[in-house]
Enquirer: 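Quick one: the structure is below, questions incoming.
No hydrogens, no waters, no symmetry mates; every other heavy atom, side chains included, goes into these values. Letters A, B, ... mirror the listed sequences (proteins, then strands); counts begin at 1.
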Protein chains: 2
Amino acid sequence: MTSAKRTSERAPAAAPERAEPRGWDPGRRAAAGTASARPGPPVAPDHSHELSRLAALLADRTRAAFCLALLDGRAWTAGELAAYARVAPSTASEHLSRLIDGGLLVERRQGRHRYVQLAGPRVAELLESVTAHLDPPATAPRGLRAATASAALARGRTCYDHLAGRLGVALTDAMAVRGLLDQDGGFALTDTGREWFEGALGIPSDALRAGRRPQARGCLDWTERRQHLAGTAGARLCERLLERRWIRRIGTGRAVRLTPEGTTALRELLGLDEEAAGLV
Amino acid sequence: MTSAKRTSERAPAAAPERAEPRGWDPGRRAAAGTASARPGPPVAPDHSHELSRLAALLADRTRAAFCLALLDGRAWTAGELAAYARVAPSTASEHLSRLIDGGLLVERRQGRHRYVQLAGPRVAELLESVTAHLDPPATAPRGLRAATASAALARGRTCYDHLAGRLGVALTDAMAVRGLLDQDGGFALTDTGREWFEGALGIPSDALRAGRRPQARGCLDWTERRQHLAGTAGARLCERLLERRWIRRIGTGRAVRLTPEGTTALRELLGLDEEAAGLV
DNA sequence: ATGACGTATCGGTGGTGGCCGAAGTGTCGC
DNA sequence: GCGACACTTCGGCCACCACCGATACGTCAT
């Protein structure tokens, strides 16, 4: 009973005053050494509850797989995700509800389908930054089909709403060489960079400042282990390249490839060499 | 038994081929609708397992509290953390072992003490970026002592190895105004910024490029909801200000305050106005 | 030595949650 | 209308794990 009572009183009571510096239970803690307690005030607002709640959403294998799949930026149906993660539809449904409640996903009901999608660029950034901290450098693909598919993905792909893979990195590097992007001191579009977006791509500076989202961000690539351009600039760039048919999606996946027109255009605009960038 | 068998065969078998596009169990999935399965190859390397493993480390309230407390960049003993999170020492010990195994923390045993610390700037960045995605704008402090302590923290504090709070934001803004930092196009130190570090602070450019860590990074502040300077530049800056006694720690906590010498020095160097910045 | 203290290990307990199948609800097509 | 289909809800099962107290093991002080 003792243990039952303690756990039951802990769970609810812990919420408001868990990490409060004052208000320790001296009776219980005294035996364990109150003297060792840090005197100064700990971290002010207690975010531990929210942090753990958020982390718990990703702490399940199936939900994590869902989120990573959705990192392609498109909407998936519940059934597709269930098949992808190899769980029963009922299980997938429950997971999706939790992810939506948690604010990571949004849904759009359409007929008998339930389309889900990442809730926005912020969520994509969150997932990117967390996955960027996973050490292991990826596993080699098995089988011919998987190998070619994975090679295509390594060449170029979309990462939520911008370009990644060797293509994304090559574009980023070319922009840095031309002085459009500052990669030395951090990650930022230069003045000439903004002019280039306007002049070369017809993207005005206004279109680059969308709310709180940063104009330029570095996004770590899991195939290249290098940064590529993300943020509004990265999104607009990808958008425009698709529009002008300089890149094209391969099949229905997230892999993209450079078209012949794109090759010449990007060579002109950025001095991008398709072969040197490893895009052939 | 069916369910027992499935779960037991799922756990180990899932690891290598969970998210494989091919190799589905047609018999089982067929009934649930294989036709809806996305044709193209899903995300190439399956990171879902590692992602969920990492997230699980933070998915517990107590462990999350540990990590947030350790965000002050200093080493805590196991007992201190136990008292802080109000759990039994045995419980804290187990959590610490898990966090260390997971690579988030490192330990330094010293006599009968076990000091733990964040494993490095990368872990600090990870925690920052995750906590930055927590919506609620913090709760108001209760009580006078808590209020003054929290006010001091809001004025200025360390955030792992750099400065945060109004002080951190004000410094960042002042640097941006002076053209030392580019906040418009992203977040990067400019050429003049690097010169300033060398000339005004005596920090050579070499000291700013330490391995893979970015020179300048934006770190979102939970009190200000604004970005402040992080990365090697932020760390060196904080270090140097402490060295020159322009700022000083308040008590043993992570709060810092501007000294009189610091006030004049920063007014000269950056045009920083203590009052306008809300530091009084 | 001895006792105090910080921490680790172990066994046990209860709660949480992921999973499934079966049954139910709504939508589409015939 | 009628099935087919996508999804949801429910009940039940099982595994995991956070927690504690008791005990054990080091280290430090006396």
Side-chain angles (χ1 to χ4, degrees), chain A residues 1-12 14 18 25 28-37 52-53 56-57 59-66 76-83 85-100 107 109-116, chain B residues 1-12 14 25 28-37 52-53 56-57 59-66 76-83 85-100 107-116:
Chain A
M1 181 211 173
T2 27
S3 111
K5 176 170 175 267
R6 186 162 299 113
T7 29
S8 66
E9 93 190 359
R10 215 183 147 276
R18 172 66 164 284
D25 180 349
R28 228 185 78 227
R29 281 299 108 211
T34 312
S36 74
S52 59
R53 234 180 51 83
L57 289 176
D60 174 74
R61 177 108 203 261
T62 300
R63 284 194 298 268
F66 283 6
W76 291 51
T77 67
E80 285 170 344
L81 286 171
R86 315 183 71 184
V87 293
S90 56
T91 306
S93 177
E94 286 167 0
H95 283 308
L96 288 180
S97 297
R98 287 194 57 175
L99 288 170
I100 290 167
E107 65 178 341
R109 308 243 172 189
Q110 198 167 299
R112 51 185 168 184
H113 291 283
R114 178 198 212 179
Y115 284 96
V116 295
Chain B
M1 181 216 172
T2 27
S3 117
K5 176 167 174 267
R6 186 164 297 115
T7 30
S8 66
E9 93 189 358
R10 214 182 148 276
D25 180 350
R28 228 184 78 228
R29 281 300 110 209
T34 312
S36 74
S52 60
R53 233 180 51 82
L57 289 177
D60 175 74
R61 176 108 202 262
T62 301
R63 284 195 299 269
F66 283 5
W76 291 52
T77 67
E80 285 170 344
L81 286 170
R86 314 183 71 186
V87 293
S90 56
T91 305
S93 178
E94 286 167 359
H95 283 309
L96 288 180
S97 296
R98 286 194 58 173
L99 288 169
I100 290 166
E107 65 178 342
R108 197 181 69 230
R109 314 193 85 117
Q110 197 168 300
R112 52 185 167 183
H113 291 283
R114 178 198 211 179
Y115 285 96
V116 294

Enquirer: Can you measure from CZ (B/Arg61) to NE2 (B/His95) and round to the nearest 0.5 angstrom?
Expert: 12.0 Å

Enquirer: Looking at B/Arg63, does any N or O in its side chain come under 4.0 Å of the phosphate oxygens OP1/OP2 on D/dA18?
Expert: yes

Enquirer: For DNA chain D, whose closest nucleotide is more 5', that of A/Glu94 or that of A/Tyr115?
Expert: A/Tyr115

Enquirer: Could you state the CZ-C1' distance from B/Arg98 to D/dA18, rounded to the nearest angstrom?
Expert: 9 Å

Enquirer: Expressed in angstrom and rounded to an integer, what is the separation of A/Phe66 atom CZ from C/dG18 atom P?
Expert: 11 Å

Enquirer: I want to verify a distance call: between D/dT8, C/dC20, C/dA8, whose nearest atom is closest to the A/Val87 side chain?
Expert: C/dC20

Enquirer: Please determine whether any donor N or O and acceptor N or O are separated by less than 3.5 Å between the side chain of A/Thr62 and the base of C/dG18.
Expert: no

Enquirer: To the nearest Å, how far apart are B/Leu57 CG and D/dC16 P?
Expert: 17 Å

Enquirer: Check if the side chain of B/Thr77 and the base of C/dG6 share a donor-acceptor pair of N or O atoms closer than 3.5 Å.
Expert: no

Enquirer: When rounded to the nearest 0.5 angstrom, what distance separates CD1 in B/Ile100 from CG in B/Leu57?
Expert: 11.5 Å

Enquirer: For the pair made of NE2 in B/His113 and P in C/dT7, what is the distance, rounded to whole Å?
Expert: 6 Å

Enquirer: Considering only heavy atoms from C-beta outward, does the side chain of B/Ser93 approach that of B/Arg98 to under 4.5 Å?
Expert: no

Enquirer: Identify, between A/Thr91 and A/Gly111, the residue whose nearest nucleotide on DNA chain C lies closer to the 5' end.
Expert: A/Thr91

Enquirer: Between A/Arg61 (CZ) and D/dA15 (P), how many Å, whole number?
Expert: 19 Å

Enquirer: Reckon B/Arg114 has a side-chain N or O less than 4.0 Å from the OP1 or OP2 of C/dG6?
Expert: no

Enquirer: Quick one: CZ on A/Phe66 to CG on A/Asp60, what's the gap to the nearest 0.5 Å?
Expert: 9.0 Å

Enquirer: Rounded off to whole Å, could you give me the CD-to-P distance for the B/Gln110 and C/dT7 pair?
Expert: 12 Å

Enquirer: Counting only side-chain heavy atoms from C-beta out, which of C/dG6, C/dT7, D/dA18 sits nearest to B/Arg112?
Expert: C/dG6

Enquirer: Of the listed nucleotides (C/dA8, D/dC20, C/dG21), which one gets closest to any side-chain atom of A/Ala88?
Expert: C/dG21

Enquirer: How many whole angstroms separate atom NE2 of A/His95 from atom P of C/dT16?
Expert: 18 Å

Enquirer: Nearest whole angstrom, please: distance from the C1' of C/dG26 to the CZ of A/Arg109.
Expert: 10 Å

Enquirer: To the nearest 0.5 Å, tell me how far A/Leu81 CG sits from A/Leu99 CG.
Expert: 9.5 Å

